[in-house]
Amino acid sequence: MSAPASPTPRVRFAPSPTGYLHVGGARTALFNWLFARRQGGTFVLRIEDTDVERSSTDMVTGILEGLTWLGLDWDEGPGVGGPHAPYFQSERLDRYRAAARELVAAGRAYYDFGGPSKRGDAAAADDGSYERRYDRDAALAVTPDEVQRRLVAGEAHAIRFLVPPGETAFADLVHGEVRFDNAHIEDFVVLRSDTYPTYHLSVVVDDIDMAITHVVRGDDHVSNTPKQVLLYQAFAAAVPQFAHVPLIMGTDKKRLSKRHGATSVTEYERQGYVPEAMVNFLALLGWSPGGDVELMSTADLIGRFALEGISTGNAVFNTEKLDWFNHQYLTRRSDDDLAALLRPWFERAGLWHDDLAGARRSWFHEVLGLLRPRAKKLGEFVEGATPFLSAPRDYDADGRAKHLGAPDLAAHLTALGDAFRTLEPFTEASLEQGLRGVAEARGVKAGVLIHATRLAMTGRTVSPGLFEMLRLLGRDEVVARLGRMTATL
RNA sequence: GCCGGUAUCGUCUAGGGGUCAGGACACGUGGUUCUCAGCCACGGGACCGGGGUUCGAAUCCCCGUACCGGUACCA
C-alpha cells in the first residue's frame with residue numbers, strides 16, 4: 001500500500017483557563033508534547049477561554065508557568081505566535097460566529113429562539129425522567145421569513161446543530177473503534193444566545209483551522225467526540241485521529257480534587273519536587289514503554305513515546321512513587337545545580353550566606369552530599385543542613401531522656417572535648433578513633449558518646465553519620481557545642 | 001435512567017490462548033551500622049464474577065457487577 005506521505009503531526013494542548021494547571025492537564029500536555037517531539041511534529045498551545053465568566057488571565061499565566069516549569073515548550077501559541085494566530089479563542093470569536101452561520105446556511109444547524117436552559121434547570125435525569133430541553137420540530141417549523149423577522153427584531157437566539165440520523169463512529173488510537181447511535185446525541189448548541197461559541201464548535205473550528213492531525217486528550221471527551229465528528233463532516237473537513245487517554249484519579253479512585261491535597265503542578269514545585277521527576281512520573285501514569293524501564297530522562301521519554309503504549313484504564317496518582325522519583329533525580333543533580341536549586345529555599349529559611357556559593361562552596365557541597373541519600377524533597381535539605389549552619393538552640397526532649405542519662409556523662413564529654421581539641425589530623429577516621437579511644441579509656445560504650453555527641457551537635461536524635469558531620473563542622477564548633485551541652489548536664 | 005469507556009499485586013504497570021503471570025513504588029525480614037536514610041539480600045502480595053469458544057483462557061466472545069466519564073446556551 002503506497003500511503004501518501006503522512007503529514008508531520010500537529011497536536012495541541014488546549015487548556016481552559018478556568019483553573020490552574022492540574023496534574024491531569026499536565027499529563028495530557030506531556031503526552032502531546034512527547035508525541036510531537038518524537039514524531040518531529042508541531043506542538044500547539046491554544047487557550048480555550050470562551051467561557052468569559054470563568055476564565056482569567058491569571059490562570060493563563062499560571063498555566064504557562066506550569067508548562068514552562070515542566071519543560072514543555074510549545075511551537076505555536078501564546079508568546080511565540082505562529083501561522084495560525086491568534087491562539088486565544090477569545091480573539092477568534094468572529095470566526096466561530098461565521099462558522100455557525102455557515103452551518104445554518106448549509107442546512108446543518110438551525111436557530112433556536114427557545115431561550116437558555118442550563119443543566120441545573122432540568123430535573124435530575126437519573127430517575128428516568130430525562131427529557132430534551134429543546135424542540136427541534138417547533139424550531140424547524142418556523143418559516144424562513146419569520147426567522148428573519150425575529151433575527152432583525154433582535155430576538156435572542158442560539159444556533160443548534162441538526163444532528164442527522166444514523167450512526168457516528170471514530171477510530172480511537174487507544175480504544176479502537178467507538179460507535180454511537182446518533183439518536184442519543186442531542187441537537188447541541190454551537191453558538192449561544194450571547195453569541196459566544198460552545199466548546200464543540202470552537203474546538204472543531206480551531207482544530208480544522210490549525211490543521212491538527214491528532215487530538216490527544218482526556219477520556220472525559222470520548223462522549224463529546226461524536227458531536228465533533230459530526231461537525232467535521234458538516235464542514236467537509238478531514239477528521240483527525242483521536243487518542244483518548246485515561247484519567248488520573250485520587251487515591252480513593254475518585255476524580256482528583258482539592259480534597260486529595262495538591263493538584264496543581266505549581267503546588268508540587270512549592271513542595272520541593274523537581275520537574276524531571278514530575279515528568280518521568282507523569283509519563284508513566286497511563287503510558288508504558290512496554291518493558292521494565294522506569295527511570296527515564298526526558299530524552300529517553302521522547303525516544304520511546306508512542307500513542308500505542310497508552311493504557312486504557314484510569315490511573316491513581318500515587319505520591320509515594322513520585323517521592324521516589326524525586327529522590328532519584330535529586331541524587332543525580334550536580335552539586336552546583338543542586339546548590340543553585342536550593343538557594344531560594346535557604347534564603348527563605350534565613351540560612352543563606354553568600355560564601356556558601358563562594359569560599360565555602362565545596363564545604364557546602366559536602367554537606368549536601370551527606371544529605372542527598374536522605375532527601376526526598378528540596379525542603380529536606382534545608383532541614384538537614386540547619387545544624388551545619390547554626391548551632392542547636394535546644395535538645396530534643398526524647399533525645400535527652402534517652403541519651404543523656406549515663407552516669408558521669410559530663411565528665412566523659414569533657415574528656416571527649418579535650419581529646420578533640422588536640423586531635424590531629426581532624427578527619428573522619430581520626431575522629432572515630434579518638435572517640436572510641438576515649439570511650440574505652442573511660443569504660444563506656446562508644447554508643448553512649450556517639451548519641452550524646454549527636455544530640456550536642458544537632459539537637460536531634462537523627463542525623464547523617466556522626467564523624468562525617470564532625471569533620472565538616474570543624475574543630476572549634478565541635479568543641480564549643482560539646483562544651484555547651486556539658487554545661488546543661 | 002440513557003449512552004460510552006474500563007477492569008492484572010495496596011498503587012503504577014509488563015505480558016497476553018500453554019509463563020514459576022515479570023518489573024517498579026510501598027510493605028515485611030535480615031545484613032551493613034553510631035541514629036536516620038541509603039545500599040545489599042530475601043519475602044508476602046494480583047489476572048472482578050459467571051458463562052461460553054478451545055485440547056487449553058488471565059488473554060478471545062457474551063452476560064453480570066463495580067468503577068469512571070458524558071448526558072449544559074462548561075470546557
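Computation of the quantities below employed the complete heavy-atom set of this structure, encompassing side-chain atoms and omitting hydrogens, waters and symmetry-equivalent molecules. Here is how names work: the chains are called A, B, and so on, in the same order as the sequence lines, proteins then strands, and each is numbered from 1.
Remark: B:rC25 base-pairs with B:rG10. Criterion, Watson-Crick or G-U wobble with two distances under 3.5 Å. Nucleotide B:rC55 forms a pair with B:rG18, judged by Watson-Crick or G-U wobble geometry with both contacts under 3.5 Å. With a cut-off of 3.5 Å on both Watson-Crick or G-U wobble distances, the partner of B:rG45 is given as none. Remark: B:rG1 base-pairs with B:rU71; criterion is Watson-Crick or G-U wobble with both hydrogen-bond distances under 3.5 Å.
As rounded to the nearest Å, B:rA66 and B:rA75 have P atoms that lie 33 Å from one another. On the P atoms, B:rA57 is 14 Å away from B:rG49, given to the nearest whole Å. Distance noted for atom P between B:rA24 and B:rA14: 15 Å (whole Å). When the C1' atom is compared between B:rG15 and B:rC20, the two are found 15 Å apart, to the nearest whole Å. Rounded to whole Å, the P atom of B:rC9 lies 14 Å from the corresponding atom of B:rG45. With both ends at atom C1', the span from B:rG10 to B:rU33 equals 31 Å, rounded to whole Å.
When the side-chain nitrogen and oxygen atoms of A:R54 are compared with OP1 and OP2 of B:rA75, none of them lie within a distance under 4.0 Å. When the side-chain nitrogen and oxygen atoms of A:R192 are compared with OP1 and OP2 of B:rA75, one or more of them lie within a distance under 4.0 Å. Considering only side-chain N and O atoms, A:S223 lies nowhere under 4.0 angstrom from the phosphate OP1 or OP2 of B:rC3. One finds no side-chain N or O of A:R372 lying less than 4.0 angstrom from the OP1 or OP2 phosphate oxygen of B:rC36.
Salt bridge present: A:D209 and A:R92 bring a charged side-chain N and a carboxylate O closer than 4.0 Å.
Separation of the A:F281 and A:F317 ring centroids falls under the 6.0 Å cut-off. For A:F305 and A:F31, the gap between ring centers is short of 6.0 Å.
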Donor-acceptor pairs are to be reported for all side-chain atoms of residues 451-460 of chain A against protein atoms at under 3.5 Å, with residues two or more places apart or in another chain.
| residue | atom | partner | partner atom | Å |
| --- | --- | --- | --- | --- |
| A:T453 | OG1 | A:L449 | O | 2.5 |
| A:R454 | NE | A:S463 | OG | 2.9 |
| A:T458 | OG1 | A:R454 | O | 2.8 |
| A:T458 | OG1 | A:R460 | N | 2.9 |
| A:T458 | OG1 | A:R460 | O | 3.2 |
| A:R460 | NH1 | A:E383 | O | 3.0 |
| A:R460 | NH2 | A:E383 | O | 3.1 |

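The listed nucleotides are B:rC36, B:rA75, B:rC25; the one nearest the side chain of A:V462 is B:rC36.
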Could you go through nucleotides 64-66 of chain B and list every protein N or O atom that sits under 3.5 Å from one of its N or O atoms, giving the distance for each pair?
none

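Side chain A:S463 to base B:rC36: no donor-acceptor pair is found below 3.5 Å. Under 3.5 Å, the side chain of A:N224 and the base of B:rA75 form at least one donor-acceptor pair of N or O atoms.
At a cut-off of 3.5 Å, with distance as the only test, no side-chain donor of A:H184 or A:D181 sits close to an acceptor on the other residue.
For the side-chain hydrogen bond (donor to acceptor under 3.5 Å, both in side chains) condition, the pairs that include at least one residue of residues 428-450 of chain A, sequence neighbours left out, are A:H412-A:R442, A:T427-A:S430, A:E428-A:R471, A:E432-A:R436.
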